[in-house]
Amino acid sequence: MMDGKNDIRMSILELCHRLGTNAAHLGGCLSLADIMHVLYSEVLKYNHNDPLDENRDRVIMSKGHGSIAMYSAMYEVGLIKDLDCIGDLTGKDNIYYKQEVRSPNNRIEFSSGSLGQGLAYAIGIAWSLKQKGNNTSKVYVFIGDGECGEGSVWEAASIASHLKLDNIVAIVDKNDLQIDGWVRDINSQELMCERWKSFGFEVLEINGHNPKDIKKALTIEITGSPKAIIAHTVKGKGLSFVENDAEWHQNVVTDDLYEKGMLELRGAEGL
Amino acid sequence: MRYTEQTINDIHRLDSRKAVGFALENLYNNDKRITCVYADVGSRFSVKGKMGPNDVEIGIAEQTLIPMLGGMYHEGYIPFGIAYAPFITMRAADQIRMTVGEMGLGIKLVGGSAGLVSGNLGAASLALDDIAAMRAIPNMTIVSPSDCFSEVKLFEYAACHDEPVYIRLTGNTLDCIYDKDIDLNNNKSMVVFEGGTKAVIYSTGSETYRAIKAAEVLKMKGIGVTVVDMLFLKPIDTSALEKFSAINTVFTVEEHNVIGGLGSAVSEYISENTNQTLYRIGVNDSYLYPDSYERLLHATCLNTDGLVETILEKL
């Protein structure tokens with residue numbers, strides 16, 4: 001049941017295939033696909049002509065593995081004109097990499113790859129926005145559930161709520177898997193909602209593949225405290241050979257798997 | 001900014017911590033883009049309440065402090081972060097690697113109580129590896145004031161240059177070395193004692209005053225040496241190193257491990273460019289037991305007597 005939202009998954013698969021033997025974070029991008037789609041196409045404020053528009057919302061991909069999902073959503077709404085300009089996501093002349101590299105003129109606000117730092121960076125942005133009198137822009141931060149093993153996530157969470165930064169929206173992609181297997185078997189994050197609540201966040205728990213849920217959670221206005229959306233997702237959602245398989249945290253999309261995946265996605269679309 | 005002799009005198013009555021509040025208050029009054037985030041050191045460094053709405057306390061959280069400064073820079077501010085030196089550098093080294101090294105954001109890190117000054121608290125509180133760690137991070141500028149006035153000037157330098165800067169603060173009360181205004185845009189180091197060419201001493205931070213005192217003692221013994229205050233540790237001032245490249249014997253003096261700090265930076269230059277002999281004076285790759293600042297300086301030969309003795313032994 002894809003609800004007609006498979007275009008973004010096709011873009012994700014396309015970009016992941018381009019990485020070739022460099023391997024791609026396909027699982028963690030597919031778990032984010034629906035949230036990214038709804039965020040960019042229905043919620044996010046941006047200016048098509050000015051990437052640095054002061055009134056834009058900021059997106060911080062703390063879980064850098066989700067960057068390709070973000071580019072795919074940007075492509076859907078025309079913020080990236082052509083997937084070809086993304087090339088193979090490597091090399092010094094590129095703009096887009098499999099883990100984002102900061103390039104504000106191209107709407108990449110942060111460099112990720114070292115986990116547990118995006119929320120702290122978002123605090124600096126959120127504080128600054130308020131200081132500048134910008135009370136409308138939001139800072140969306142994407143965090144993985146495996147990433148929540150980093151203590152720095154919780155250090156930052158504590159400070160975000162202490163500073164009452166209600167312009168921060170932390171989105172936890174709770175797909176329950178990390179490289180070594182199930183999160184619950186490695187360093188259980190099972191009380192995820194309670195954890196964020198206890199750090200002073202207003203917490204919303206949703207099905208991260210249900211567009212209505214996603215939109216509602218993203219748009220509910222919270223004042224006085226930052227918001228955390230705990231999104232239950234499936235790692236690899238939408239592709240039978242990727243779903244719930246830790247091997248697909250990062251793996252090679254061969255030509256055969258690419259063809260197979262595209263067939264599945266087109267089939268689900270009824271194409 | 002221009003400083004009158006009276007103001008310079010007033011600054012010299014401060015200590016290395018209080019000078020932080022003085023410097024930042026002045027900078028903020030001139031430029032409202034200056035912000036300051038501190039990790040439970042706001043009162044110790046006299047910054048609390050000095051910058052209107054632009055100073056933020058975040059408690060003991062250096063790993064949050066660094067990316068937070070990055071976010072502020074991203075939004076157009078000139079952010080300074082203050083914490084104790086071992087924690088702002090080593091505790092948050094990965095955050096610095098990303099924010100400064102990878103993203104190249106012009107944030108300013110202030111590391112208080114670097115070197116041996118917090119010796120009575122034990123090895124955990126000593127920063128003897130911070131220069132080494134920060135030197136290995138691309139884009140980073142490292143400065144190390146030797147008295148309160150050079151400290152104020154280096155804060156000004158940091159605020160006016162769009163680059164990441166680590167300001168390494170050593171010592172506590174600092175004796176006056178510069179009683180007149182200095183120009184740091186053209187000078188990254190200063191000749192602070194011209195005694196002769198028997199040896200050249202490159203010193204940094206609170207060791208510079210002791211190096212001058214040692215040079216005075218040596219002069220009385222008929223041995224003429226020159227002392228250069230290395231206010232910038234990265235990029236190292238190669239023009240100063242070149243200027244004295246004809247002097248055969250070189251000493252470096254620092255409150256830091258002899259590995260990775262000023263001694264290493266000078267050694268890197270000398271090994272590629274000159275035929276000089278270098279002796280590095282500092283902490284010999286060890287952690288130290290808790291003891292007073294004075295006794296630790298004595299134990300590491302970094303007090304004036306120790307410097308004189310070591311230099312005489314090598315000459």
Side-chain angles (χ1 to χ4, degrees), chain A residues 51-56 58-60 62 64 97 99-105 107-134 137 139 141 143 150-165 167-168 199, chain B residues 28 31-40 51-81 83 87-88 90-109 137-139 162 164:
Chain A
L52 301 176
D53 189 329
E54 176 61 30
N55 294 316
R56 74 192 187 280
R58 277 70 163 167
V59 178
I60 308 300
S62 190
Y97 301 92
Q99 300 191 115
E100 61 180 338
V101 174
R102 182 176 177 269
S103 174
N105 288 326
R107 305 173 196 274
I108 314 287
E109 317 258 9
F110 178 64
S111 287
S112 59
S114 182
L115 294 172
Q117 301 190 18
L119 186 56
Y121 188 79
I123 290 173
I125 293 180
W127 181 90
S128 300
L129 292 176
K130 283 182 177 279
Q131 203 69 2
K132 289 189 277 187
N134 178 344
S137 295
V139 190
V141 195
I143 302 169
E150 292 283 5
S152 52
V153 170
W154 304 104
E155 186 179 296
S158 179
I159 292 160
S161 69
H162 179 81
L163 296 175
K164 300 186 173 22
L165 297 173
N167 45 358
I168 288 181
F199 277 90
Chain B
Y28 170 74
D31 187 343
K32 297 292 182 279
R33 292 176 301 164
I34 304 283
T35 60
C36 173
V37 185
Y38 41 88
D40 206 20
M51 308 169 70
N54 275 20
D55 75 276
V56 192
E57 166 77 89
I58 61 163
I60 305 163
E62 293 82 6
Q63 293 177 86
T64 298
L65 186 147
I66 302 293
M68 188 175 163
L69 299 176
M72 289 175 163
Y73 177 88
H74 186 76
E75 292 300 325
Y77 286 101
I78 303 171
F80 284 74
F87 312 123
I88 202 170
M90 295 296 268
R91 178 75 171 227
D94 184 40
Q95 280 79 2
I96 298 172
R97 190 176 66 90
M98 291 303 294
T99 310
V100 168
E102 211 275 4
M103 292 194 268
L105 308 184
I107 65 172
K108 322 298 174 185
L109 312 182
I137 293 176
N139 302 316
D162 186 19

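Within every chain, numbering begins at 1; the chains are lettered A, B, ... in the order of the sequence lines, protein sequences first and strands thereafter.
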Enquirer: Is B:T35 close to B:M51 at the side-chain level, that is, under 4.5 Å between some pair of heavy atoms?
Expert: no
Enquirer: Among residues 153-160 of chain A, which residues come closer than 4.5 Å to chain B, judged by heavy atom distances?
Expert: A:E155, A:A156, A:I159
Enquirer: Given heavy-atom pairs under 4.5 angstrom as the criterion, report whether the side chain, backbone, both or neither of A:E54 touches chain B.
Expert: side chain
Enquirer: Tell me, side chain or backbone of B:L105 under 4.5 Å from chain A's heavy atoms, or both, or neither?
Expert: side chain
Enquirer: Is it the case that more than 12 heavy atoms not belonging to A:R56 sit under 6.0 Å from its CZ atom?
Expert: yes
Enquirer: Kindly state each residue pair satisfying salt bridge (charged side-chain N to carboxylate O under 4.0 Å, His left out) with at least one member in residues 70-81 of chain B, sequence neighbours excluded.
Expert: A:R58-B:E75, A:K132-B:E75
Enquirer: Under the rule for side-chain hydrogen bond (donor to acceptor under 3.5 Å, both in side chains), what residues qualify as partners of B:N54, not counting sequence neighbours?
Expert: A:Q131
Enquirer: Of B:L69, B:D94, B:I137, B:I66, which meets side-chain contact (heavy atoms from CB on, under 4.5 Å) against B:T99?
Expert: B:I66
Enquirer: Taking side chain as everything from C-beta outward and backbone as N, CA, C, O, which of these in B:V56 sits under 4.5 Å from a heavy atom of chain A? Side chain, backbone, both or neither.
Expert: side chain
Enquirer: With chain B, which of A:S114, A:G113, A:S152 has the greatest number of heavy-atom pairs at distances under 4.5 Å?
Expert: A:S114
Enquirer: Just jot down the side-chain contact (heavy atoms from CB on, under 4.5 Å) partners of A:P51, sequence neighbours excluded, or say none.
Expert: A:R107
Enquirer: Could you tell me whether the side chain of A:V59 reaches within less than 4.5 Å of the side chain of A:E109, counting heavy atoms only?
Expert: no
Enquirer: Between A:S62 and A:V141 (side chain of the first, backbone of the second, donor and acceptor by atom type, cut-off under 3.5 Å), is there such a pair?
Expert: no
Enquirer: Mark yes when over 12 heavy atoms from residues, nucleotides or ligands other than A:K164 sit less than 6.0 Å from its NZ; otherwise mark no.
Expert: no
Enquirer: By a 4.5 Å heavy-atom criterion (distance strictly below it), what part of A:L119 contacts chain B: side chain, backbone, both, or neither?
Expert: neither
Enquirer: Counting only heavy atoms closer than 4.5 Å, note whether A:S103 contacts chain B via side chain, backbone, both or neither.
Expert: neither
